[in-house]
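The block underneath contains the structure these notes are about, expressed in structure tokens.
On a predicted model such as this, the values are computed, not experimentally measured, just so you know.
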Protein chains: 2
Amino acid sequence: MDEAATQRRLEQFESICHERGLPITVQRRVILETTLSLDNHPTADQIHEAVAERIAGISRTTVYRTLETLVRLGLITKACHPGGVTRYDRRIELHHHLVCMRCDAVVDISDDRFDALPIPDTSAYGFEVSDHQVQLRGLCKTCREKEEG
Amino acid sequence: MDEAATQRRLEQFESICHERGLPITVQRRVILETTLSLDNHPTADQIHEAVAERIAGISRTTVYRTLETLVRLGLITKACHPGGVTRYDRRIELHHHLVCMRCDAVVDISDDRFDALPIPDTSAYGFEVSDHQVQLRGLCKTCREKEEG
DNA sequence: TTAAGTGCAAAAGCTTTGCGGGTAG
DNA sequence: CTACCCGCAAAGCTTTTGCACTTAA
């Protein structure tokens, strides 16, 4: 993410914390900054590893807990994918995904027509929809080559 | 899933196994049948529990392994969702999802406009897209009530 | 007969919880 | 001062692996 966008997100983080009376700790700030710097829809463990380069000895627990907090505050989201690990997405605005159904890779894409999709009425299901996302599912290059080889 | 559709899928299962020289075992057949009977996008463990009512003492390992096999054969798929557990989807044809970002519930929906989406060229990413799916992300009724309460 | 599947036990990987001590506001 | 956060250790899930035995074809 570019520097300006990162800066804006950090400011958003500070004002939300002030609003809610949540302490701003070094750990939280660095975990957010680090997550914003990674574009692979990383797992909590991958984020922990990256954060540890700046805060030696930071605990996994703190990273797991903080990521959940950041999601709750709306500063990051969870990525939808077929695998069995939670993965985080630094993008909170409307966007879409290429998803590899073999290795679970997730790649961001943009598409105006996807953005403009009309959202049907879902009140019959009791759902309140806040967001939509198109997933193009298939195989990434690496997995396709393994398949053929 | 209705009986006719289930029957068709089981026949498909048999012919694919014959084609590839894979043995048709009782376990595999019952695991497939059971998965086709569940509409909650169940986890492997939930499927194991349901299968165990018909095959007492069936091992978790077998269920985990067989589900992966069935996915590879194209008889079921994995559901994309934000949580940290693998979940299976009995539907293999084009369809879409409501996803609760709090509790991870996944509900099937149909929408012709979603079906008809034009798929952009993704060759630049090396992906081969075989399928697409729209996810309407939000909160389910239960989670919304908890939120407010 | 033979390639493949099954079950068990154990290991590995991911995530949460309880609690004592520390820190931002 | 007080509420909330952090780190540790331990527990709890979920999933995979190696191996000996069994079974479909």
Side-chain angles (χ1 to χ4, degrees), chain A residues 10 13-32 34-35 41-52 54-73 75-76 78-79 81-88 102-104, chain B residues 10 13-32 34-35 41-52 54-73 75-76 78-79 81-88 102-104:
Chain A
L10 287 167
F13 163 66
E14 299 202 350
S15 54
I16 291 176
C17 286
H18 286 146
E19 249 172 51
R20 311 210 186 185
L22 298 175
I24 296 173
T25 64
V26 176
Q27 288 90 335
R28 278 187 181 164
R29 171 180 239 97
V30 174
I31 290 169
L32 176 55
T34 303
T35 304
H41 306 81
T43 65
D45 233 43
Q46 290 169 335
I47 295 170
H48 172 259
E49 198 176 337
V51 170
R54 289 181 54 189
I55 307 179
I58 188 168
S59 133
R60 253 182 196 69
T61 307
T62 300
V63 175
Y64 276 88
R65 262 191 303 228
T66 301
L67 288 169
E68 285 306 307
T69 304
L70 295 175
V71 168
R72 218 178 43 243
L73 299 178
L75 292 160
I76 56 177
K78 294 185 183 181
H81 66 94
V85 196
T86 302
R87 291 171 58 183
Y88 295 89
R102 180 79 77 239
C103 75
D104 228 42
Chain B
L10 287 168
F13 163 65
E14 299 202 350
S15 54
I16 292 177
C17 287
H18 286 144
E19 250 172 51
R20 311 210 186 187
L22 298 175
I24 296 174
T25 63
V26 176
Q27 288 90 336
R28 277 187 182 164
R29 171 181 237 97
V30 174
I31 290 168
L32 176 54
T34 304
T35 304
H41 306 82
T43 66
D45 233 43
Q46 289 168 336
I47 295 169
H48 172 259
E49 198 176 337
V51 170
R54 290 182 53 189
I55 306 180
I58 188 169
S59 133
R60 255 183 195 69
T61 308
T62 299
V63 174
Y64 276 88
R65 263 192 302 230
T66 301
L67 289 169
E68 284 307 307
T69 303
L70 295 175
V71 169
R72 219 178 42 243
L73 299 179
L75 292 161
I76 57 176
K78 293 186 184 182
H81 66 93
V85 196
T86 302
R87 291 171 59 183
Y88 295 89
R102 179 79 76 240
C103 75
D104 229 40

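- Remark: P of D:dC6 and NE2 of A:H48 are 13 Å apart, rounded to the nearest angstrom.
- Looking at every heavy atom in both residues, A:R54 comes nearest to A:V30 through NH2-CG2, 3.8 Å.
- Here the nucleotide nearest the side chain of B:I24, chosen from D:dC4, C:dG25, D:dA25, is D:dA25.
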Check the interface with nucleotides 15-18 of chain D: list each N/O to N/O pair with the protein under 3.5 Å, or write none.
from, atom 1, to, atom 2, distance (Å)
D:dT15, OP1, B:T86, N, 2.8
D:dT15, OP1, B:T86, OG1, 3.3
D:dT15, OP2, B:Y64, OH, 2.9

(request) Give the intermediate values and the outcome of side chain to side chain contact (heavy atoms under 4.5 Å, CB included) for residues B:R72 and B:T69. (result) CA-CA 5 Å; B:R72 219 178 42 243; B:T69 303; 3.9 Å; yes

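- Rounding to whole angstrom units, CD of residue A:E14 and C1' of C:dA24 are separated by 13 Å.
- In terms of heavy-atom proximity, A:C17 sits nearest to A:I24 at CB-CG1, 3.7 Å.
- Across B:A79 and B:H41, no two heavy atoms sit closer than the pair CB-CD2, 4.1 Å.
- Comparing A:I55 and B:L22 along DNA chain D, the residue whose closest nucleotide (by nearest heavy atom) sits nearer the 5' end is A:I55.
- In this entry the distance linking CZ of A:R29 with P of C:dG25 reads 10 Å, nearest Å.
- If you measure from atom CG of A:D104 to atom C1' of C:dG13, you get 15 Å, rounded to the nearest angstrom.
- Atom CD1 of A:I31 and atom P of D:dC6 are 7 Å apart (whole Å).
- D:dA25 atom P lies 16 Å from atom CZ of B:R20, rounded to whole Å.
- A residue-by-residue look at B:V26 and A:S59 shows that A:S59 has its nearest nucleotide of DNA chain D further toward the 5' end.
- Rounded to whole angstrom, the span from the CD atom of A:Q46 across to the P atom of C:dG13 amounts to 14 Å.
- Closest approach of A:I16 to A:L73, counting heavy atoms only: CD1-O, 3.7 Å.
- A:R28 places its CZ atom 15 Å from the C1' atom of D:dG7, with the value rounded to the nearest Å.
- Of the side-chain N and O atoms in A:Q27, none sit less than 4.0 angstrom from OP1 or OP2 of C:dT23.
- When each of B:E49, B:H48, B:Q27 is tested with B:V63 by the rule side-chain contact (heavy atoms from CB on, under 4.5 Å), just one qualifies, namely B:H48.
- Here the closest non-hydrogen pair linking A:G83 and B:T86 is C-OG1, 3.9 Å.
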